[in-house]
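Presented below is the structure to which this report refers.
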Amino acid sequence: MSLLRPVWAQIDLSAIAANVEALSDLLQPPTLLMAVVKANGYGHGAVQVARVALSSGAQRLGVAILDEALELRSAAIGAPIQLFQETPAQAARQVVDADLIPTVVSFELAQALSAAAVERGKTVKVHVKVDTGMHRLGIPPEQAVGFVAACRELAGLEVEGVYTHFAVAECPHGEATVLQKQTFDEVLAALENEGILPPLRHAANSAATILTPESHYDMVRCGIAVYGLHPADTTRDAVSLRPALSLRARISALRRIEAGEGVSYGHTFKAEGPTRIATVPIGYADGYTRRLSNKASVLVDGRELPVVGNICMDQLLVDAGEAEVAVDDEVTLIGKSGRRAVTADEIARLTGTINYEVVCAISPRVPRLYT
Ligand SMILES: *Cc1c(COP(=O)(O)O)cnc(C)c1O
């Protein structure tokens, strides 16, 4: 593969496959595994990840929005795809035409989907989301039975699923999780009382999949773990995952500076003694956040070198000291080099965020290289 620029995100698809297999091993058949590939597959490339996940044991795909689902369909991916966010009612026809599985929490959307399905002579499968405590999206539990029952009256519409989402899944025995599961179970029991048995009940994200087998129901929805990253420290001992993404570049320039000289905008770093500064052609517009300025380290041939001065939009600077580095040497910003590694977790810790944000921030202008 010829690269457009000496910067690339390397995605190890065998790691994705191994992670999907490890997650599948946690499930009791016939529980289904949905691979969540929203946000361009958490920055890894939605189409490539979806294909590997589906051939390694996932049966379904999950995305946030319609555009993401349509991208998968354009790539001839025919597996069931669920939309987590509510689609605007005006998009009902596109949802039906692409055979997507929308989340429904408003009756207006349910009606629009029904009308579109009838018009096309199709049945649209929908999943109703219940807000059991995340308080982000969903029908209040006490209204769930009435809502599902009303949806079932609509022509061309099938309530295939009822689901919820945990707010504190990394604490399986915490009050919040226990209460949310209890509320969800009450909703499912109330539905059953009315003779309603949705075939797919689901609640678990990666953390719940790994930590709470009782939350698996008929399907689990795994995102971050598919990519080999842990949703929380609490899952580290419970399953073995392999990070799939490395972020790399090549040194584009090397120069010597003297004691007291500053580097980059604002001269926020000044050399204590004579040293060598390496330029790396990646910056915050590539998703390597400026908040890592004077904090992060990169690896060159297994050696750790500090990022110095303010990170620019398209370039950053590294203090190479007297290390044996040269122009064109490979720089690892995330991933392994020799016996060392920089993890997405480490980058997240340095910037007060989570590994999720680190990988999905890697911008579209960074070429993805699949190995
Ligand atoms: C993103 C998302 C998931 C996946 O969460 P992870 O923590 O990445 O496993 C599951 N369900 C819903 C509704 C989501 O939005």
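Source: prediction; values computed, not measured. We count ligands from 1, going down the list as the structure has it; atoms in each ligand are counted the same way.
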For ligand 1, run through the N/O pairs with the protein that fall under 3.5 Å and put one pair on each line.
| residue | atom | partner | partner atom | Å |
| --- | --- | --- | --- | --- |
| ligand 1 | 7 (O) | Y356 | OH | 2.6 |
| ligand 1 | 8 (O) | Y42 | OH | 2.5 |
| ligand 1 | 8 (O) | I224 | N | 2.8 |
| ligand 1 | 9 (O) | S206 | N | 2.8 |
| ligand 1 | 9 (O) | S206 | OG | 2.5 |
| ligand 1 | 9 (O) | G223 | N | 2.9 |
| ligand 1 | 11 (N) | R221 | NE | 2.8 |
| ligand 1 | 11 (N) | R221 | NH2 | 3.4 |
| ligand 1 | 15 (O) | K38 | NZ | 2.7 |

- request: May I ask you to decide if the ring planes of F84 and Y163 are parallel, tilted or perpendicular, using 30° and 60° as cut-offs?
  value: tilted
Y227 and H44 aromatic ring geometry - parallel, tilted or perpendicular at 30°/60° bounds: tilted
- prompt: Does H173 offer a backbone N or O that forms a donor-acceptor pair with the side chain of T177 under 3.5 Å?
  reply: no
message: Taking the side chain as everything from C-beta on, heavy atoms only, tell me whether L72 gets closer than 4.5 Å to V63.
response: yes
message: Holding to salt bridge (charged side-chain N to carboxylate O under 4.0 Å, His left out), I want the full list of residues that pass it with E160, two or more places apart in sequence or in another chain.
response: R60, K125
Between CZ on residue R201 and CG on residue D185, distance to nearest 0.5 Å: 9.0 Å
